[in-house]
Amino acid sequence: MADVGVIHSSHWGAFRARVEDGRFVEAVPFEADGRPADLLENMPGAVHADNRVLRPAVRRGWLEGRSRDEAPRGDDEFVEVDWDTAIDLVAREIARVHDEHGPASVYGGSYGWSSAGRFHHAQSQLKRLLAASGGYTGSTGTYSHGASSVILPRVIGYDANVADSHTWDEIAENTETWLMLGGVPARSMKVESGGMGAHRGVPGFEKVLRSGVRAISVNPIRGESPGGDAVEWLPIRPGTDTALLIGLAHTLLEEGRTDLAFLDAHTVGFDRFAAYLRGETDGTEKTADWASAITGVPADDIRTLARDLAGTRTLITATWSLQRAEHGEQPHWLTVVLAAMLGGIGRPGEGFGIGFGSEDGVGSTRQPFAVPQAPKLRNPLAGTEIPVARIVDALESPGAEYDFNGERRTYPDIRLIYWAGGNPFHHHQDLMRMQAAWQRPDTVIVQEPWWTSTAKRADIVLPATTSLERDDIGAKSNDTWILAMKRAIDPVGEALDDREILHRIATRLGCADAFDEGATLRSVYEKSRADAAGHGIELPDFDAFWEQGYARVPARAPHSRMRELIDGVPVPTPSGKIEIFSETIDSFGYDDCLGHPAWFDKHEDVAGAAYPLRLISHQPTTRLHSQMDVGALSRAAKVAGREACRMNPDDAAARGIADGEVIRLFNDRGACLAGVVVTADVMPGVVALPTGAWLDLDGESGLERHGNPNVLTADRGTSKLAQGPTAQTARVEVERYAAEPPRVEAFDLPRLSAR
């Protein structure tokens with residue numbers, strides 16, 4: 001008997017679950033979503049994938065006390081055990097590490113998007129357990145916008161990635177020229193971390209184009225925005241947007257096209273930046289010709305573009321991807337600075353915007369109340385967090401000092417890693433280095449529905465349900481829906497909800513009361529409902545919400561703090577103004593992040609002759625990060641069974657490579673295989689290999705067989721200021737793979753045996 005009535009939600013949109021004979025067979029898009037994402041097609045195959053973790057399992061070498069030299073993580077069989085045994089092992093190990101090394105030796109980073117459900121959000125629930133049991137070392141920042149979220153509060157007083165944006169309507173009604181650094185990628189507008197009732201990003205962008213706005217996509221890849229030929233393409237070498245912005249700023253300065261009145265009234269330090277542009281501080285004038293030599297954009301085009309920006313109502317936006325590079329603080333800082341020079345900041349449809357095209361909700365409504373979410377417990381060790389992208393540094397160098405955002409910190413001695421709801425062997429860079437560092441802790445615990453590359457490198461693996469196997473609530477502050485995520489099927493195998501697993505561990509550790517307090521679906525919804533009422537928004541009570549399956553929330557335009565600035569309200573910086581020159585940053589004395597924005601040469605460019613191609617590892621079109629790579633849509637997009645790598649025809653011809661062949665990408669960090677797509681949509685000198693292919697390393701050769709670009713990317717911080725990830729700064733060489741390509745084993749089960 002088919003059931004097409006159970007409402008649910010996901011990172012890629014709301015849907016109704018069609019179930020036949022107890023199996024989830026189709027995600028039917030929610031009736032309110034006029035632009036449902038094709039990513040929903042991945043879900044049935046993933047939920048019922050052959051590589052689900054069906055019962056708790058323990059790595060044999062760990063269970064028997066053998067050294068990791070004898071039985072390394074990732075190359076050992078697993079012994080399946082019952083839940084009581086697994087819970088006892090986990091609880092005893094947490095207690096042992098606390099007793100012998102202290103709670104700071106437990107790392108609860110657990111970074112990842114997990115489920116769209118806000119209550120069973122695995123990372124939040126895990127941190128609640130670890131806080132209740134005595135504390136842990138956590139992480140700060142994100143892989144998404146780690147550098148930007150540090151620099152923007154220094155420059156404008158708050159994080160514009162999450163707290164501010166223009167709306168699509170404002171842009172359509174007021175903007176004349178939209179300079180889109182990184183484009184506005186349609187693929188990323190398929191997703192939202194808390195899900196969405198209806199996609200709004202692509203329709204919003206299309207409305208902007210219909211209104212006659214001139215949209216210019218600055219990107220090494222053509223087509224990184226909806227709209228096709230209606231969007232102008234300005235090709236640029238990867239990682240050089242900073243130089244372009246500096247060249248534009250120099251033209252505005254030298255031709256007298258800056259808004260001096262705005263700069264005088266609302267910014268500090270422009271004179272210091274102007275001296276840098278003119279070369280007074282380092283002997284190099286930052287002309288359009290200087291910028292052209294770095295970016296590959298013709299100097300005359302840079303000068304013409306600067307004049308066009310100054311002569312129209314201009315909006316400058318930057319995607320999150322720009323700052324995932326060496327010195328990633330600089331392009332977002334300069335986005336603000338160039339907008340200030342044009343004087344449009346604070347006016348509707350002008351100034352700057354961060355993150356357009358990075359999630360669906362950017363440019364849409366922002367609710368004034370707190371949406372339902374798992375309640376947090378304060379970590380007793382708050383203030384000891386490490387930057388999320390520095391986990392390998394911490395594992396390799398316990399006790400070492402490092403710089404971060406004006407502080408001198410020390411890496412903890414991590415003895416136990418507990419990961420739930422994420423995949424560090426997707427997110428992190430230089431995975432060969434990470435694999436070696438991952439052997440150092442005493443114990444790695446992973447809570448996961450699938451045998452991912454991370455689960456295969458664990459000591460204890462606990463099978464968690466997918467969202468379809470439990471009740472939850474989906475919500476995001478920039479959506480107009482709160483969605484019931486109703487259980488559609490029974491748990492697969494012996495899987496338990498993340499919360500139930502952690503409750504059992506908390507019971508063994510004697511902290512169940514603290515872990516459980518105030519944490520139910522009903523309580524988190526009713527708390528949000530009360531907060532909404534304080535803002536004049538009436539939501540149905542929990543029972544009515546659950547029966548209906550959703551609550552509709554009125555659309556509210558995002559609150560722009562930049563509009564307050566031009567009305568005379570200070571922004572929360574030390575000066576109360578936009579800081580083009582930051583005395584605070586300058587006082588840190590960093591050699592890789594000055595008191596004003598600047599261009600810095602890249603470490604990777606030293607290897608330019610050996611590895612002439614610049615690698616872009618952008619988000620995939622057929623999944624979210626590594627989520628659902630096992631799904632039908634993601635698998636169908638593979639080329640020769642591997643991730644598809646796009647390459648310019650000139651570069652392919654020079655290497656004797658034909659469309660559809662298997663290629664080997666390599667540098668001094670590693671090598672991977674991929675299937676090649678030859679296309680002029682990628683500029684010469686660039687290859688584009690999406691992230692998220694499940695890691696598949698050959699144990700003997702170290703060759704990655706599936707197309708995971710993070711065996712090639714460098715693991716170094718953006719700068720001493722933010723210590724963000726630098727995945728977008730990498731160089732490689734590519735060759736045709738002449739041998740018979742090896743079988744991809746990414747989705748295979750590990751060796752399993754009964755105890």
Side-chain angles (χ1 to χ4, degrees), residues 109 111 137-164 181-182 239-242 245 318-337 352 354-355 358 383-394 397 400-411 424 427-430 572-574 578-604 617 713-730:
Y111 181 89
T137 292
S139 62
T140 184
T142 69
Y143 284 88
S144 293
H145 44 76
S148 182
S149 289
V150 173
I151 190 64
L152 288 177
R154 296 291 187 188
V155 176
I156 61 174
Y158 62 95
D159 185 358
N161 291 284
V162 298
D164 199 50
L181 302 164
T240 65
D241 300 79
T242 294
L245 291 166
T319 57
W320 294 344
S321 60
L322 295 187
Q323 51 82 66
R324 290 195 290 269
E326 283 190 60
H327 309 289
E329 299 83 3
Q330 305 305 316
H332 281 196
W333 192 351
L334 277 157
T335 296
V336 176
V337 170
F352 68 90
I354 304 296
S358 297
T384 63
E385 301 88 354
I386 63 173
V388 67
R390 303 273 55 81
I391 175 60
V392 171
D393 289 356
S397 305
E401 293 186 338
Y402 67 100
D403 291 296
F404 174 63
N405 202 11
E407 297 180 0
R408 191 73 174 161
R409 294 189 175 189
T410 302
Y411 287 124
H427 269 108
H428 205 71
Q429 284 74 64
D430 197 352
T573 61
I578 296 170
E579 302 215 341
I580 295 175
F581 184 92
S582 168
E583 296 283 359
T584 302
I585 295 175
D586 187 59
S587 71
F588 299 156
Y590 297 154
D591 58 358
D592 54 4
C593 189
L594 308 178
H596 59 75
W599 168 258
F600 294 88
D601 291 331
K602 307 295 190 289
H603 287 90
E604 291 289 293
S617 51
T713 52
D715 182 15
R716 63 172 62 93
T718 52
S719 78
K720 296 181 181 72
L721 183 77
Q723 296 286 6
T726 57
Q728 300 298 358
T729 307

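Positions are given from 1 along the sequence. Fair warning: this is a prediction, and the values are worked out from it, not measured in the lab.
Using a 4.5 Å heavy-atom cutoff, the side chains of Ser139 and Ile391 are not in contact. No side-chain heavy atom of Val336 sits less than 4.5 Å from a side-chain heavy atom of Ile580.
Of all heavy-atom pairs between Pro572 and Ile156, the closest is CD-O, 4.1 Å. When all heavy atoms are compared, the tightest approach of Thr242 to Ala598 is CG2-O, 3.6 Å. Taking both residues in full, the closest heavy atoms of Pro725 and Thr718 are given as O-CG2, 3.4 Å, listed atom of the first, atom of the second, then distance. Minimum interatomic distance between Arg324 and Ser144 (heavy atoms only, all atoms of both residues): NH1-O, 2.8 Å. Residues Ala722 and Ala147 come closest through the heavy atom pair CB-CA, 3.6 Å. Closest non-hydrogen pair, Ala714 versus Gln429, comes out as O-CB, 3.3 Å.
Separating the CD1 atom in Ile151 from the SG atom in Cys593 is a distance of 5.0 Å, to the nearest 0.5 Å. For the atom pair CZ of Phe352 and CG of Leu334, the computed distance is 13.0 Å after rounding to the nearest 0.5 Å. In this structure, CZ on Phe588 lies 6.0 Å from CG on Asn405, to the nearest 0.5 angstrom. Rounding to the nearest 0.5 Å places CD1 of Ile578 at 8.5 Å from OG1 of Thr573. The NE2 atom of His596 sits 11.0 Å away from atom CD1 of Ile585, with the distance rounded to the nearest 0.5 Å. The distance from atom OH of Tyr411 to atom CZ of Arg390, rounded to the nearest 0.5 Å, is 5.5 Å.
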Using the side-chain contact (heavy atoms from CB on, under 4.5 Å) rule, take Trp320 and Ile354 through it: C-alpha gap first, then chi angles, then the decisive distance, then the call. CA-CA 7 Å; Trp320 294 344; Ile354 304 296; 4.2 Å; yes
When you look at Asp586 and Leu594, which way does the side-chain contact (heavy atoms from CB on, under 4.5 Å) test go after all the steps? CA-CA 6 Å; Asp586 187 59; Leu594 308 178; 5.8 Å; no
For Thr335 and Leu245, run side-chain contact (heavy atoms from CB on, under 4.5 Å): C-alpha distance rounded to whole Å, both residues' side-chain angles, the deciding distance at 0.1 Å, then the answer. CA-CA 7 Å; Thr335 296; Leu245 291 166; 4.1 Å; yes
After noting the C-alpha distance and the side-chain angles of Arg716 and Glu326, does the key distance pass the salt bridge (charged side-chain N to carboxylate O under 4.0 Å, His left out) rule? CA-CA 8 Å; Arg716 63 172 62 93; Glu326 283 190 60; 3.4 Å; yes
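Listed for the Asp592 side chain is no donor-acceptor partner under 3.5 Å among the backbone atoms of His327. Remark: the backbone N or O of Gly383 is paired with a side-chain donor or acceptor of Glu385 at under 3.5 angstrom. Side chain of Tyr590 to backbone of Gly406: a donor-acceptor contact under 3.5 angstrom is found. Between the side chain of His332 and the backbone N or O of Thr319, at least one donor-acceptor pair lies under 3.5 Å. Although no hydrogens or angles enter the test, the distance criterion places no donor-acceptor pair under 3.5 Å between the side chain of Ser149 and the main chain of Gly146.
The closest side-chain donor-acceptor pair between His145 and Gln323, if any, does not fall under 3.5 angstrom.
Asp403 pairs with exactly one of Arg408, Gln723, Lys720 by the side chain to side chain donor-acceptor pair (under 3.5 Å) rule, that one being Arg408.
Remark: Thr726 engages no residue in a side chain to side chain donor-acceptor pair (under 3.5 Å) (not counting sequence neighbours). A search for side chain to side chain donor-acceptor pair (under 3.5 Å) contacts involving Thr713 returns Asn710, not counting sequence neighbours. Listed by chain and number, the residues in a side chain to side chain donor-acceptor pair (under 3.5 Å) with Ser719 are Glu329 (sequence neighbours excluded). By the ring-ring contact (aromatic ring centres under 6.0 Å, His included) test, His427 is found to be paired with Tyr111, Tyr143, His625, residues two or more places apart in sequence or in another chain being considered. By the ring-ring contact (aromatic ring centres under 6.0 Å, His included) test, Phe404 pairs with no residue at all, sequence neighbours left out. With sequence neighbours excluded, no residue satisfies side chain to side chain donor-acceptor pair (under 3.5 Å) with Lys602.
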